[in-house]
Amino acid sequence: MKLSGSEIIIESLKKEGVDYIFGYPGGAVLHIYDALFAAKDIKHVLVRHEQGATHAADGYARACNKPGVVLVTSGPGITNCVTGIATAHMDSIPMIVISGQVSRQYVGSDAFQEADATGITRPICKHNFLINDRESIADTFRKAFIIATTGRPGPVIIDIPKDLTDPNVKIAFEYKKNIKIRSYKVKTNEDENKIEDAAKLLCLAKKPMIYTGGGVILSKASKELIKLTRLLKYPITNTLMGLGAYPSSDDQFLGMLGMHGTYEANMAMHDCDVLLAVGARFDDRVTGDTKQFCPKAKIIHIDIDPSSISKIIEVDHSLIGDTKSILKKLTSFVAKHKRNINNHELEKWWKKIKSWQRKNCLSYKKSKDVIKPQSVIETLHKLSKGKAFVTSDVGQHQMWVAQYYKFDKPNRWINSGGLGTMGFGLPAAIGAQLAYPKEEVICVTGEASILMCIQELSTCLQYGLPIKVINLNNRYMGMVRQWQEFFYEGRYAMSYMDAIPNFAKLAESFGHIGMVIDKPENLEKDLKSALSQKNRLVFVDVITDQTENVYPMIVSGKGHHEMHLAPSANEDIELA
Amino acid sequence: MNDDKRHIVSLLVENEFGSLSRIAGLFSARGYNIHSLSVAPTSDDSISRMTLVTFCTDAKASQLMKQLDKLVDVINVKDLTGETHIEREMLLLKVKSTPKQRDELKRLTDIFRARIIDVTDTTYTIELTGPTEKILAFIDSLGKIKIIEQVRSGALGISRGSESLEIKK
């Protein structure tokens, strides 16, 4: 079979099982778009800005664990993708970004729409390629998919000069599934003895704690994690990225940990004597002051990335490899050594944890006059029965979703944890909704974040995506305002938006349903009616309390035991 | 306070465009310094061999090894610092040589087993190969002789004995 470079690209994507491409056409990729026009099995989603394409592909990947695919043109096409690529990279999300490049004879001549795509994206992706000859197109695509989806996943960029996609030059096409990449190997160390040692250490713990992150979701190891945790009967906490891997409604779950984690999760981290860390990378928002992090604990760390081991926190015991397979083996060794667990000590430990839980750290003052943002999330949880795919932008609203929307399943919580990208939520919801057309997809956002990618409302109309956008509108960049209140004596420098649009009308002008909720008594009823619109996007502008802060909070550089609690929390609870 | 140590690192990398900037970029992105770096193809011209010298703590060096290993283009990487190895560096030096200084320069060149490889009526160009300490000692010994130009290759390193950096992947 003889194919042009463009046809090879499309055929390669088909061989990889790609069903959606998120993209935006332009000069350098027009040959590819022409080939795509003829393709039946791949659907193209036209975004309104290339950043939206990357976030949509990212949201798709997070929802269904398949790599998201992006197609953009050269120059501004790829530079607009930078934020989205970096977002995916920080959270280890598999993604393939295909960018057109000017024809080879113009490369390096400052040609129209020329940018050094591989140079610009090099530090923010797992790997990138600039294709130099037609013969290597197919192999490069296979390599890119292998690199993006194996080991610790991440985005891979393929930059392809326009002349290589010329429809008139055809070459033989063969797609070699089993291609070797000499310099790329996923390193594992699943030595059974080491795993058994870890199991023994775990079973000897008096104050154990399990701390798990996004790696569990990426390796689809939720079931294995639940099995191990229930077998041990140990307390467990999830990072922001790991929420949903263990059911939040379960009694052994202590909530999220870290800067805005629960009192009980953070105190248990601080006091534990054995910590099992799974697919988590000891991010600074999780550890706080590293010198005071789990000061009494022996730490076991399971991760696919050797460079994550002892990067931030020196660990005692490392197991490198696929989380799912290690958890399975660890569980069988735990079953063998389970009789060593000191149930008396474990009971004492749980008693202490229960006393921390009585602080009720997520309680907040209810109000009849103004809508409390927390209550919006709680109501959403109730109305959607905790089953929705929820995307968010970045800031206070993101933390409130993490705290109050109790995720029971993996992949349902989609947010930019590492890079903290405002503008992520709406396009990510597009990806999630396309991955699961029949599921409820809610984008919780704020009036500052949503404006960073608001243009994608137009994409939602074109593809009939019935996303529910819940805008927690407090007329401030809430998290910035909160920090200014705490650390800058209330000098709210440039964190108030003076010219906020009428979001309901804005949504209507995009062809959607716009709605405003500004009274607490209408909250549940109006949210219910918004969610009942099964075929339309509804933009719900919820006017919330301007002064609400996210609690608990560990100030940067403090230890887990030095939390600020909400004024409404039970300060007077006697601690055991 | 400063526990920085000299680390000499050997790398085998794919001889592809971008490989060098990936490695250099990793250093700047993660706050490491590159003291010296030398790169050239091996007998297999699809593979380049690099020798890199950096100053950092042992903990940072171990993290650096993992980060380098993680780069897709890196075939193998090894910190030679902890094991017996051989290091060589080459120096090309152009110095002013007044008639009075010529004998002294010739003598120094002999002592250090360097070679004079170019001569004009006012300059000598000298070549010297050896471990970095020897290069530095030679430069030091020149005293008041004026150096016009100094070119150093940076260190090259190889393990002693039968050990070698393999294409293991």
Side-chain angles (χ1 to χ4, degrees), chain A residues 86 89-90 92 101 104 107-108 116-133 136 140 143-144 146-148 150-159 180-187 189 281-282 290 303-315 318 320, chain B residues 1 3 7 9-32 34 39 41-50 54 56-79 164-169:
Chain A
H89 187 50
M90 282 291 264
S92 311
Q101 182 54 275
R104 282 175 299 173
V107 168
D116 176 8
T118 48
I120 290 167
T121 56
R122 195 167 292 133
I124 52 161
C125 65
K126 185 167 176 188
H127 197 58
N128 61 21
F129 295 95
L130 169 57
I131 301 185
N132 271 318
D133 57 277
S136 64
T140 304
K143 285 180 188 173
I146 292 172
I147 293 169
T150 57
R152 180 175 178 176
V156 176
I157 290 89
I158 305 171
D159 198 33
K180 278 252 178 322
I181 310 171
R182 172 172 62 184
S183 60
Y184 178 75
K185 201 180 94 185
V186 178
K187 291 210 165 62
N189 176 8
R281 60 184 177 89
F282 300 84
T290 50
D303 207 285
I304 187 78
D305 179 4
S307 74
S308 281
I309 307 290
S310 296
K311 182 173 82 170
I312 312 281
I313 300 287
E314 196 66 39
V315 301
S318 63
I320 298 165
Chain B
M1 179 62 211
D3 298 325
H7 286 268
V9 179
S10 258
L11 293 128
L12 285 176
V13 304
E14 293 290 346
N15 186 7
E16 269 171 19
F17 99 98
S19 297
L20 179 60
S21 54
R22 263 181 241 286
I23 288 160
L26 187 150
F27 275 74
S28 62
R30 297 201 181 261
Y32 292 90
I34 297 179
V39 195
T42 61
S43 51
D44 174 348
D45 64 10
S46 69
I47 297 177
S48 291
R49 172 81 177 230
M50 291 188 188
T54 183
C56 61
T57 61
D58 286 342
K60 276 194 101 178
S62 123
Q63 176 63 210
L64 174 63
M65 289 302 109
K66 293 181 195 167
Q67 293 291 351
L68 284 169
D69 205 23
K70 196 160 105 172
L71 292 176
V72 171
D73 282 340
V74 171
I75 299 167
N76 204 348
V77 56
K78 191 176 194 180
D79 189 346
S164 71
L165 195 58
E166 295 157 25
I167 309 168
K168 61 176 178 187
K169 294 190 186 181

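Chain letters run A, B, ... following the sequence lines, proteins first and then strands; every chain starts at 1. Computed over heavy atoms, backbone and side chain alike; hydrogens, waters and symmetry mates excluded.
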Point to revise | Residues that S308(A) engages under side chain to side chain contact (heavy atoms under 4.5 Å, CB included), provided they are two or more places apart | key: R152(A), R281(A), H301(A), D303(A), D305(A)

Exercise for review: Determine yes or no for a side-chain-to-main-chain donor-acceptor pair under 3.5 angstrom, with S183(A) supplying the side chain and V72(B) the backbone.
Suggested key: yes

Check your understanding: Taking all non-hydrogen atoms of both residues, which atom of S307(A) and which atom of K70(B) are closest, and how far apart?
Key -> OG-NZ, 3.2 Å

Practice item. Just jot down the ring-ring contact (aromatic ring centres under 6.0 Å, His included) partners of H127(A), sequence neighbours excluded, or say none. Key: F129(A)

Review point. What residues of residues 18-27 of chain B sit under 4.5 Å from chain A when you count only heavy atoms?
Key: G18(B), S21(B), R22(B)

Review point. Out of curiosity, F17(B) CZ to N132(A) CG, how far, rounded to the nearest 0.5 Å?
Key: 6.5 Å

Revision key, fill the gap. Residue pairs passing the salt bridge (Lys or Arg N to Asp or Glu O under 4.0 Å) test with at least one member in residues 57-68 of chain B, sequence neighbours excluded, are K5(B)-D58(B)

Exercise for review: Compare every heavy atom of D44(B) with every heavy atom of R182(A), then report the nearest pair and how far apart it is.
Suggested key: NH1-OD2, 3.7 Å

